[in-house]
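Because the structure is a prediction, the values reported are computed rather than measured. Throughout, protein chains are lettered first and strands after them, A, B, ... in sequence-line order, and every chain is numbered starting at 1.
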Number of protein chains: 2
Amino acid sequence: MKKTKDLWPYLIMLAKLGALTKEIDISTSRFAREFSEGATISQQTASRKLNELEEQKWIIKRPSIKGQYIRITQSGEQELEKIRDLLADAFMIRDKIIDIQGELFTGMGEGGHYISLEKYYTQFVEKLAFKKVFAGTLNLKLKNRRDMEKRRLLQDKTTQGIRIDGFKDATRTYGPVTCFKATINNKIEGAVLVIQRTSWKEDVLEIISPHNLREQLGLKDGDLVSVRVFLE
Amino acid sequence: MKKTKDLWPYLIMLAKLGALTKEIDISTSRFAREFSEGATISQQTASRKLNELEEQKWIIKRPSIKGQYIRITQSGEQELEKIRDLLADAFMIRDKIIDIQGELFTGMGEGGHYISLEKYYTQFVEKLAFKKVFAGTLNLKLKNRRDMEKRRLLQDKTTQGIRIDGFKDATRTYGPVTCFKATINNKIEGAVLVIQRTSWKEDVLEIISPHNLREQLGLKDGDLVSVRVFLE
DNA sequence: ATTACTAGCATCCGAGTAG
DNA sequence: TCTACTCGGATGCTAGTAA
């Protein structure tokens, strides 16, 4: 099997030249020049690499008058997205910041119920250094794969979050919760709730805050909300 | 000169393994396995690649009990940022969306003055399909290199924007302006102004809107504001 | 277990060049 | 001009192995 990773730099350069959006018209020698910075590659190598990229089905090409038209295919685009996400993940871990967007919707109110339980409430206030906790959570529906991956990353990083202990009462057990400090729409402080239990919804992000977020940010269902989550 | 791009995939993989944030402890054979998916590389190749990465000064390594500690250097980090930005640019062009953040500050009021000129005002209303234009611009100060690069991209993409013609009156000439539709803090519509003239401030983004943004978004100087610019 | 050397084979590169 | 072939030299690869 071919070592596909060797082709990454060439694919990236084609993307930079705009081959993601449209067919670009380029000759092998010009591509060789565009690709090179400091070190150079030859026209022949450029030609061969373009053929290999086509074999991989990451690009399609057809002859033009002064070179060839090249366009990145869907599968080439997916490969680029993979690389982009790889890098984005690495930088998120470095910066300890994850930006997630979701669409506001109205949940079934369990969130608000749990917050009101004193054993949870006092922990939220103390451990998050909130003056109070507004009675109700903000539920965001994540709309794409990428945001769900970030959501999953939070689920996996619970060691870094703020731990809210579970407890028992006469009738049932209440599990532990991990919180991450966050700012909502760049502006208002809050925290993301990550519940450790076997089933959690990968496309839902639940947020609490000392403030009435819906009111203070003028939000209504269906609005897009940005959350910047701080990993520690 | 060495063909540094060949090393990109290896550097990216090390970043994915966390070597941006901390020294990671990994053996050459484990790295070979982690790196491979489908196609495989040998322990020997992994060893050599790590040495080449060190020669490039993109990583530093030192022996550990069960392998070696590896950490990406500043210059390796810069290289990764370069790749990340390359990809981000390509996807921005594809999606025709640019997200920029900046800090709100109070300008000198010229913006508001120009808007009030009837020859501009009527064009804003018609071409942007705004009901009216609020008398005053929102000035954002861009805080990092990357946002400034995006700002520059707008300046270069004026062909795709909405053109507001210039005009003359008795005393002076008023130049043309290009506008891009935008949403501010995910919520309120507006437009970014790009003024074609020899001097423009690369770290300032000027925004108009039908609405009083400061009031409706509850903004004050120093607040971080997110702008999503639509290239067409 | 490691890393990383050497040897020898495989692959890749670019100059030359055909079409 | 262009692409892309051949071919000899350079480089890269892995197996074997030393430390």
OP1, OP2 of D:dA4 versus side-chain N and O of A:Arg48: anything below 4.0 Å? no
So, are A:Arg94 and B:Glu77 salt-bridged, with charged N and O less than 4.0 Å apart? yes
Consider only side-chain N and O atoms of A:Thr183 and A:Glu189, and report whether a donor and an acceptor are under 3.5 Å apart. no
B:Leu53 CG to C:dA4 C1', straight-line distance once rounded to whole Å: 16 Å
Below the 4.0 Å mark, does D:dT3 have OP1 or OP2 next to a side-chain nitrogen or oxygen of A:Ser47? no
Could you give the CD-to-P distance, from B:Glu55 to D:dG12, as a whole number of Å? 11 Å
Taking 4.0 Å as the cut-off, does a side-chain nitrogen or oxygen of B:Asn51 come that near to OP1 or OP2 on C:dA4? yes
According to the interplanar angle, ranging from 0 to 90°, do the rings of B:Phe167 and B:Tyr174 count as parallel (below 30°), tilted (30 to 60°) or perpendicular (above 60°)? parallel
Rounded to the Å, how far apart are A:Lys49 NZ and D:dC5 C1'? 17 Å
Report the distance from atom NZ of B:Lys3 to atom P of D:dA10, rounded to the nearest whole Å. 14 Å
Write down the distance between CZ (A:Arg62) and C1' (D:dT3), rounded to a whole number of angstrom. 16 Å
For DNA chain D, whose closest nucleotide is more 5', that of A:Gln43 or that of B:Glu52? A:Gln43
Whether the side chain of B:Gln44 and the base of D:dG16 hold a donor-acceptor pair under 3.5 Å is what I'd like checked. yes
Say whether B:Asn51 and B:Lys61, considering side chains only, have a donor N or O and an acceptor N or O under 3.5 Å apart. yes
Map B:Ser27 and B:Asp6 onto DNA chain C by nearest heavy atom, then report which one ends up closer to the 5' terminus. B:Ser27
Check every strand shown and say whether A:Ile41 touches a base, only sugar-phosphate, or nothing at a heavy-atom separation below 4.0 Å. sugar-phosphate
Let me spell it out: for each of B:Thr45 and A:Ile65, pick the nucleotide of DNA chain D with the closest heavy atom. Which residue's pick is nearer the 5' end? A:Ile65
Distance below 4.0 Å between B:Gln68 side-chain N/O and C:dT3 OP1 or OP2: yes
Which nucleotide in D:dT3, C:dT3, D:dA4 has an atom nearest any side-chain atom of A:Lys61: D:dA4
Expressed in angstrom and rounded to an integer, what is the separation of A:Leu50 atom CG from C:dC12 atom C1'? 16 Å
Nearest-Å distance, OH (A:Tyr10) to P (C:dC13)? 6 Å
Short question: side chain of A:Thr178, backbone of A:Arg163 - any donor-acceptor pair under 3.5 Å? no
As a test of reading the structure: which of C:dT3, D:dA4, D:dT14 is closest to the side chain of B:Ser42, going by heavy atoms? D:dT14
Hey, does A:Ser29 reach any base, or is it just sugar-phosphate, or nothing, if we go heavy atoms under 4.0 Å? sugar-phosphate
